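For reference, the structure discussed in these notes is given below.
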Amino acid sequence: MEKNYLSTAVIFSFLMVRASGFCGVHQTLDVVILYDVSSSMSSTDIADQVSFIHNLAGNIYLHSDHTNIAGIGVGNTAHYGWGLRDYLTTDDLMARMQNITVTSEASDISPGFDMAWNNILSNSTRPGSTRWVLVFTDTSFMSSTTSLDAIKAAGIKVGFISVLSATSYTSYASDSRYILGGINWATLDSDLPTVISMICPPYCESFDFYYELPNSMAVIADTNSNVGYYLISESKGPSAYNIHCCGALSSVEFKAATSGSFVLQVWRAEYLIYQTTITATGGYETHVFSPKVAIAMSDIIGWYSAGVNPIGMATSCVGDLCPQDIKIVTDMGSLSVGDFYDWSSASTMPDTAFAIKFTIVNGLISLMTSLPVTGVETPYFLTMSVMDSCFNTASIAINITTFVQPLAINNLPTEVEIGDDVSFETLLIVINATDPAADSISCILSSILPNTTNFRLDDYLNGTAGMFLNAGAALDFKTVEEYKISITCTGMSSTESFMTVRILDKSVTTPYTVPAWAAGAIVVSVGSVGVVLAMVCFLIVVILATTDEAEVMPPMEEDENDKTPLDDVAQMCKIIDRWESEQEGVGEI
Ligand SMILES: *[C@@H]1O[C@H](CO)[C@@H](O)[C@H](O)[C@H]1NC(C)=O
Ligand SMILES: *[C@@H]1O[C@H](CO)[C@@H](O)[C@H](O)[C@H]1NC(C)=O
Ligand SMILES: *[C@@H]1O[C@H](CO)[C@@H](O)[C@H](O)[C@H]1NC(C)=O
Ligand SMILES: *[C@@H]1O[C@H](CO)[C@@H](O)[C@H](O)[C@H]1NC(C)=O
Ligand SMILES: *[C@@H]1O[C@H](CO)[C@@H](O)[C@H](O)[C@H]1NC(C)=O
Ligand SMILES: *[C@@H]1O[C@H](CO)[C@@H](O)[C@H](O)[C@H]1NC(C)=O
């Protein structure tokens with residue numbers, strides 16, 4: 001008996017499915033298999049299931065860190081076979097499956113799902129694993145779907161392999177791609193590639209390719225320079241670098257034993273289809289590809305280093321995944337995308353692994369160019385044919401209309417307060433207008449209500465426009481309490497906004513506080529901070545001048561500074577200093 005299954009195992013181990021096989025190397029798979037032990041099965045049917053499960057386990061890489069498989073026999077009750085971590089080699093699993101026998105039970109899949117959910121899936125899968133229930137059956141009868149529904153709701157994938165037609169399971173499977181109907185138990189092994197491609201999708205969902213995690217790998221420094229490496233898939237057995245799916249290269253992680261740079265390369269057979277230079281400063285590093293790099297199934301990653309290869313290596317690795325076939329050339333020279341390189345004559349490096357890991361995710365299709373700025377509303381009617389890295393094509397029609405982002409005056413409307421005793425030239429605000437569609441913007445003072453010659457819009461620094469109170473202005477709170485000044489700016493488009501100038505009665509006593517508009521002006525003013533300070537200082541002057549103490553001072557209207565245009569903070573604040581000292585002097589008298 002024992003001899004028998006071992007020889008069977010040897011024979012079946014040659015039934016490897018190359019293209020998408022061993023995808024369990026690149027993901028953590030927790031699979032619960034429900035095998036049929038109802039009375040409708042013959043003992044040969046049971047043996048066919050057993051050999052299939054054994055082959056499947058080998059091809060999706062049964063391993064403690066990779067694929068774990070549990071088994072439950074199902075008639076119209078469930079028979080616990082083994083748990084996810086009970087058998088971690090295909091030989092052990094095959095030995096365990098030898099005593100699976102037919103029962104005299106009728107067929108009902110429900111108890112199998114109950115046991116799969118309650119005893120295994122709900123509490124003993126690994127964090128981050130991709131979880132599956134794979135059902136081998138010759139019935140579609142389910143007395144209850146409670147556990148099936150819970151399993152699907154938990155994001156666990158459910159697939160069926162059955163002698164009945166696929167349509168019998170449409171509402172049970174988590175995806176119609178996960179149903180293989182109309183099988184014959186005797187020829188089940190020929191369906192192995194189909195079942196593998198259910199579990200190992202042709203699109204990379206998010207798979208990592210590495211021998212050992214680079215950050216925890218013990219490495220030595222390479223001594224080769226002008227060297228190229230080519231991470232070919234192993235010619236036999238599981239391979240860390242078998243790119244079994246298509247998608248997009250999103251990142252590469254590596255541990256550099258020395259600093260230096262290398263050119264990461266993507267090969268399609270022996271043609272270079274992509275390369276980029278990555279600088280390694282030493283130690284564990286991650287390079288993120290932006291945009292991501294399209295990868296087809298069976299592409300090969302490699303790299304070229306003109307100087308000493310910085311990526312750390314281990315030269316006597318052991319275990320199933322220890323690479324035997326990585327290719328090396330020590331006189332490679334730099335290449336261009338599109339170049340052919342004959343890797344067939346390159347030598348291989350047995351028992352050698354590098355501290356490198358790459359992540360391939362689902363591919364994306366993106367439009368890479370931005371549309372031109374036309375300054376007018378412009379429609380585009382695009383019909384695109386797109387092809388992804390899996391060579392699937394699709395056509396799509398997209399209508400895009402570009403519109404002009406309008407001109408904006410960013411710091412109006414606003415309100416400015418000014419004492420009615422001010423009659424020297426004063427900057428009130430610098431207009432901040434933006435128009436992305438225009439090279440230049442011009443602003444005019446379009447109206448003042450009530451009409452007056454006290455204000456003007458004039459050039460300020462660096463081509464900006466400022467609103468000024470004119471020298472010799474005659475303001476009087478009793479006549480006009482506020483002016484509403486409209487300003488129109490024109491770039492590619494035109495817009496009007498306004499500011500309100502509120503006139504303060506100089507005879508009113510107001511304790512000094514920094515007015516809200518001055519604080520606001522710090523935020524909105526275009527001018528230098530100096531301009532804003534000038535306004536604040538100016539207010540201090542005005543308000544001090546209107547306090548009771550100031551009333552007893554010599555008439556300030558006679559001060560020569562009143563007649564001098566003021567355009568900088570220093571002057572403004574000089575006045576305050578002087579006024580303050582004069583006030584203090586008055587106070588002391
Ligand atoms: C089959 O054999 C295993 C040990 O190899 C044992 O634990 C299990 O109970 C047996 N199952 C049946 C149904 O006899
Ligand atoms: C999961 O739950 C079942 C049923 O409650 C229990 O028998 C089993 O020991 C649990 N497994 C783990 C790993 O906690
Ligand atoms: C795009 O514009 C064309 C022409 O106006 C129109 O026939 C078509 O329906 C539009 N397509 C979409 C998706 O709006
Ligand atoms: C405002 O006054 C100026 C100068 O006196 C004059 O030229 C202009 O026409 C007046 N505007 C309006 C709208 O009355
Ligand atoms: C004016 O522009 C020049 C050069 O762009 C710049 O150095 C200077 O700081 C600007 N002045 C102000 C007040 O923004
Ligand atoms: C003008 O306003 C815009 C929008 O609020 C702002 O981003 C920009 O910094 C302002 N410019 C200046 C010089 O303050």
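Whatever order the structure lists ligands and atoms in, that order sets their numbers, starting from 1. All values reported here derive from a predicted model rather than from experimental measurement. All residue numbers refer to positions in the sequence shown, counting from 1.
- For ligand 6, the polar-atom distance check against Asn410 finds a nitrogen or oxygen pair separated by under 3.5 Å.
- At a distance under 4.0 Å, no protein heavy atom can be found next to atom 7 (O) of ligand 3.
- For the cysteine pair Cys245 and Cys204, the distance separating the two SG atoms is below 2.5 Å.
- Stacking of Lys484 on the aromatic ring of Phe498 is recorded, both the 6.0 Å distance cut-off and the 45° axial limit being met.
- At the shortest separation from atom 5 (O) of ligand 3 among protein heavy atoms lies Phe381 CE2, 3.8 Å.
- With respect to Lys357 and Glu285, no salt bridge is recorded, no charged nitrogen being found less than 4.0 Å from a carboxylate O.
- Between Glu253 and Tyr284, the side chains place a donor N or O and an acceptor N or O closer than 3.5 Å (distance only, hydrogens not considered).
- The ligand atoms of ligand 6 that sit less than 4.0 angstrom from a heavy atom of Asn432 are 1 (C), 2 (O), 3 (C), 8 (C), 10 (C), 11 (N), 12 (C), 14 (O).
- Atom 1 (C) of ligand 3 has as its closest protein heavy atom Asn399 ND2, 1.4 Å.
- When only modelled atom types and interatomic distance are considered, Asn242 and Ser239 share no side-chain donor-acceptor pair under 3.5 Å.
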